Every structure is written in C-alpha cells, then in structure tokens.
Amino acid sequence: MGSPEKNENKGFFAAMTSGFSMFGSAMSRSVNGLLAYEGVEVINPDGGKEDAEEEAQRGRWKDEERDSYWKMMQKYIGSDITSMVTLPVIIFEPMTMLQKMAELMEYSYLLDQADECEDPYLRLVYASSWAISVYFAYQRTWKPFNPILGETYEMANHGGISFLSEQVSHHPPMSAGHAENEHFTYDVTSKLKTKLLGNSVDVYPVGRTRVTLKKDGVVLDLVPPLTKVHNLIFGRTWVDSPGEMVMTNITTGDKVVLYFQPCGWFGSGRYEVDGYVYSADEEPKIMMTGKWNEKISYQPCDAEGEPLPGTELKEVWHVADVPKNDKFQYTHFAHKINSFDTAPSKLLASDSRLRPDRYALEQGDLSKAGSEKHSLEERQRAEKRTRETKGQTFTPRWFDLTDEITSTPWGDIEIYQYNGKYSEHRDAAASSSGGASSDVDLKSIEFYPWQYGNVSTE
C-alpha cells in the first residue's frame, strides 16, 4: 500500500490486511501443464494468466539447456536443493553468499541513527528500515556461489564498520557474521533452507539476526519473510518476498510488524510494505508504508492505527542511485563489496574476493569460471575425506558453536557466536605494519581457505 489513505471507511490497517489477502489469492492462480511439462508454473509479474505461455519462452536459458535442466530438476521437486544440485555458472553472479551477507551494511547509517535516537518507537522505524533496505539488492536473479568450508569475507572502509563472515559448516550449509562500529554490533547465524516447487523455489531464512545498539544496550531481534524465486527455468526469473517481517526490541518488548505484499496479476501489490510500530502492550504508535525497491516513510498514529491529526508522512529511507545497464544488476555498493578497496591491508587468504571461479566470472570467462568452480568443489571433497580418515573435525576460526538453539518459523538453528579473535588478529596486523598500508598486491594472494579452520582430533 503506497498511501495510508486507501480505505477511509475501514481504516488503514483494515485496508492493508484486506489487500494482503486479495493479492495472495491472485498469486495462487498459477498455470500448470504448460508445454506438456507436468508441474510447470510460469508467472509474468507484469502480466496476467493468459500470457504465461509467451512468458515461458523468455529467460536466459537456451531451448536445449532449458529442457535438459527441467528434466534433471524434476526429481528434486519438493526437496531442499540448497547444496545437492550442481548448477552451471551461467546462472551465477561473481559474488559468494558470504559477500551477499555484507550487503545489509549498505545503509548502516540507519542503525547509527537508531542508536542516537531517544524515541523508542522512532528507533524501531530506523532499525526496521535498515532491515528492509537490503531487499532492493536481494531482487537480483543471479545465484551467488556457495562458500567453501572455512571461507571468509572481510570488509573495512565503509561507515567505520568492521565486517566479517565465515562459512562455519558445509552440511548443512551455515554461515556466521559479525559487524561492528561505534554505534552497533550485528551478529547473525544463517542456515538457508529451500524447497523446489518445479519452476520456482521457496527460500526460507532459517537463522538468527541480532543487533545491539551501544548507547542504551538495546537488543533487537529480526525475523524476515521467506523469499520466492519464480520462473527458474521457464520464463524470466524474478524474486518476491511475501509475508511478515518482525523486529522485536528484546529489551523493552516493543516491536514492528511489517507486511511485504505478494505480487498479484499485472504487478498489483508488488514491492509494497506496510505495518506498524507497536508498544510492549501492542498499541500501534507509528505507521510505516512504502516500497522496498524505492523508499519507506512513517507517520505517528492513534490507538486505532489512523494517522494523528497535524502529522504527515516523512521519508526515512530511499534507494541510492544505481549503475545503469549493469550486467548483474549490481548496486554501487555491491561493486564495493567485490572491490579490494574495501579489503583490509592484511587480507585473509580465505577471502571470497580471491576465489578464482568468482574472479573468472567477473572477467566474463564462463569456461574458466566453471572449471575453477569444479576444482574447488573437488578439493573440498578431498579435504573432507582426509579429515574423516584421520578422525578429525573442522572447527571455525572466528566463530564458536554455542549450546544455544533458536526456533524460527522454518526450523531450529544452532547458534554460532563471534569469539573476538578476529579483532585480535586485526590489531596484531596493524601493529606489525606500524599502521602503514601494505605494499602487497592483494589480488596476487592465492585463495586458500583450508588452513584457516581449526582441525582437531576427536
């Protein structure tokens, strides 16, 4: 809902929830049996049911490749395909999941503002807008590389932030991340879970995300909506994230509940986000509305969820300018993430930037990217066999597995906690260089994640 004045008789909240139901119903009308392929669903987000066959002929796949992968993928329908299917590099982007985790830091200034804010409800407006902001980047339809066990990604030189992520488990695939500046700390454990539905896949964000605002010690917990990737093989691939996002102030009990509207026929409802900031006793205090690919605004409201007289919508966030005609639909910040300009001077050899398959794809060499990807995966399998033969187990270097298990709407997850050793490593590196920049060409460092995991004998 782009405006809070869509239904004056029922009120903004009633209109919002009614629209959510309507759009959800529209999206359930899919097209089956198309082109004699059982189970095929093709949805044009900008069109209707009648143009699905035309839409099926579009997309990035050649006819023979499309038919081959459809036959291969059919046997996995209903399964979690997070790491069981080997996919061609033609559908990849030159970035890993560890780097994609860092994209949430693009608009980190919103967390700085949340930390500085005295109003507990407006604080949630800033913080939840930060959580919404990354969905513009998440709409890219290219798949990031799965990280190698022990792989890392470091980011510096952005908003005073130190960011680190590490692949802490291979089966199941799990990543952990930590970021910090003078205003906040950010900690996440992520274990994506998927379900192949044929020509689409549901991606469930199994994980725990916590932000601590340093000024008052406030702890925020985030539960995002699932993501749906449509038209995987037939038609133009597109992404939607319908459902509920909840951010809770664990310290006070206040929370914000936001509804990501599902895309209906002819694009109705697409990108729209609406919701409220609630007090601990569940009274609405501030309404929020906008589009996750454009901007978010807010307005104080009464106990019925209606705008307070004498107030007006105020913009809290909008999407920054993006490069035109970018091959991978990257933002300027995504390019910074891949750049060595955001790398620390003493870069770990396990860093995602150094992956030869990622770099080859970035240079446009698909053949080399494919062979390098295969080589890394074979090396990872060999490393695993060696550990098993020697009775050894892998332990991450920068994150420790805790005894804590967190429940999510899509399953439980074991929590990894940042152990602080990276800060010690960074301080030692700065001390050894005397604070001077390194003369080493970072691009010349060989990608080598294997040595960075601790290996212990059981």
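Since the model is a prediction, treat every value here as computed from it, not as a measurement.
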Smallest separation among heavy atoms of Phe394 and Arg387, with atom names: CB-NE, 3.9 Å
For Pro147 against Arg355, the heavy-atom pair lying closest together: CA-NH1, 3.7 Å
Student check: side-chain heavy atoms of Tyr186 and Leu111 closer than 4.5 Å: no
Pairwise side-chain contact, Ile81 with Met73, heavy-atom cut-off 4.5 Å (strictly under): yes
Pair Ser407, Asp412: side-chain N/O donor-acceptor within cut-off below 3.5 Å: yes
Whether Asn231 side chain and Gly59 backbone form a donor-acceptor pair below 3.5 Å: no
Residue pair Ser423 / Tyr418, side-chain donor-acceptor N/O under 3.5 Å: yes
CZ on Arg379 to CZ on Phe447, rounded to 0.5 Å: 10.5 Å
Ion pair check, Asp216 and Arg123, cut-off under 4.0 Å: yes
Side-chain heavy atoms of Phe92 within contact of Asp357, under 4.5 Å: no
Output field: ring centroids Phe163/His158 closer than 6.0 Å: no
Any residue meeting ring pair (Phe, Tyr, Trp, His ring centres under 6.0 Å) with Tyr359, in chain and number order, not counting sequence neighbours: none
Between Ser352 and Glu151: side-chain donor-acceptor atoms closer than 3.5 Å: yes
Taking every non-hydrogen atom, the tightest pair across Pro356 and Leu376: CD-CD1, 4.2 Å
Side-chain ion pair, Glu180 and Lys214, N-O less than 4.0 Å: yes
Within-4.5 Å side-chain heavy-atom neighbours: Arg385 and Arg381: yes
Side chains of Ser297 and Thr289, donor plus acceptor under 3.5 Å: no
Phe136: ring pair (Phe, Tyr, Trp, His ring centres under 6.0 Å) partners, not counting sequence neighbours: none
Donor-acceptor contact below 3.5 Å, side chain Gln299 vs main chain Thr311: yes
Minimum heavy-atom distance Pro205-Leu226, with the two atoms named: CD-CA, 3.7 Å
Side chains of Glu244 and Pro225 in contact at under 4.5 Å (non-hydrogen atoms): no
Sequence-distant partners of His335, ring pair (Phe, Tyr, Trp, His ring centres under 6.0 Å), two or more places apart: Tyr330
Shortest non-hydrogen separation from Tyr121 to Ser279 and the atoms involved: OH-CB, 3.5 Å
N/O donor-acceptor pair under 3.5 Å between Ser165 side chain and Leu98 backbone: yes
Separation between CD1 of Ile148 and OH of Tyr448, rounded to the nearest 0.5 Å: 13.0 Å
Exercise: do Asn338 and Arg358 side chains pair donor with acceptor under 3.5 Å: yes
Neighbour count above 12 (heavy atom, 6.0 Å) for Glu282 CD: no
Side chain Ser129, main chain Val125, donor-acceptor under 3.5 Å: yes
Rounded distance (nearest 0.5 Å) linking atom OH of Tyr69 with atom CD1 of Ile233: 9.5 Å
Gln99 side chain vs Tyr153 backbone, donor-acceptor pair below 3.5 Å: no
Asp254 (side chain) donor-acceptor with Ala280 (main chain) under 3.5 angstrom: yes
Test item: Thr252 and Pro120 side chains (from C-beta on) under 4.5 Å apart, heavy atoms: no
Donor on one side chain, acceptor on other, Tyr422 and Glu154, under 3.5 Å: yes
Side chain to side chain, Asp240 and Pro262, heavy atoms closer than 4.5 Å: yes
More than 12 heavy atoms of other groups within 6.0 Å of Lys193 NZ: no
Lys143 atom NZ, neighbour heavy-atom count above 12 within 6.0 Å: yes
Stepwise side-chain contact (heavy atoms from CB on, under 4.5 Å) test for Asn157 and Asp341: CA-CA 8 Å; Asn157 308 320; Asp341 292 340; 6.0 Å; no
Greater than 12 external heavy atoms within 6.0 Å of Glu378's CD: yes
Residues Thr194 and Thr82: side-chain donor-acceptor under 3.5 angstrom: yes
His425 vs Trp398, ring-ring contact (aromatic ring centres under 6.0 Å, His included): CA-CA, chis, key distance, verdict: CA-CA 10 Å; His425 161 81; Trp398 311 112; 5.6 Å; yes
Distance (rounded to the nearest 0.5 Å) between Gln113 CD and Asp115 CG: 11.0 Å
Carboxylate-amine/guanidinium contact Lys327 Glu93, below 4.0 Å: no
Donor-acceptor pair, side chain of Asp274 and main chain of Tyr259, under 3.5 angstrom: no
Derivation and outcome, side-chain contact (heavy atoms from CB on, under 4.5 Å), residues Gln417 and Glu404: CA-CA 10 Å; Gln417 185 66 41; Glu404 187 175 359; 5.9 Å; no
Asp365 (side chain) donor-acceptor with Ala360 (main chain) under 3.5 angstrom: no
Within-4.5 Å side-chain heavy-atom neighbours: Leu104 and Trp130: yes
Rounded distance [0.5 Å steps], CD in Glu103 versus OG in Ser133: 10.0 Å
CG-NZ distance between Leu196 and Lys75, expressed to the nearest 0.5 angstrom: 12.0 Å
Lys336 backbone acceptor or donor facing Thr342 side chain under 3.5 Å: yes
Backbone of Gly364 reached by a side-chain donor or acceptor of Glu362 within 3.5 Å: no
Thr331 versus Arg140, side-chain donor and acceptor atoms under 3.5 Å: no
Residues Gln329 and Trp142: side-chain donor-acceptor under 3.5 angstrom: yes
Taking every non-hydrogen atom, the tightest pair across Leu220 and Leu213: CD1-CD1, 4.2 Å
Test log, rule side-chain contact (heavy atoms from CB on, under 4.5 Å), inputs Asn44 and Val42: CA-CA 7 Å; Asn44 178 0; Val42 179; over 6 Å; no
Verdict with reasoning, Leu122 to Lys314, per side-chain contact (heavy atoms from CB on, under 4.5 Å): CA-CA 12 Å; Leu122 188 56; Lys314 292 184 178 180; over 6 Å; no
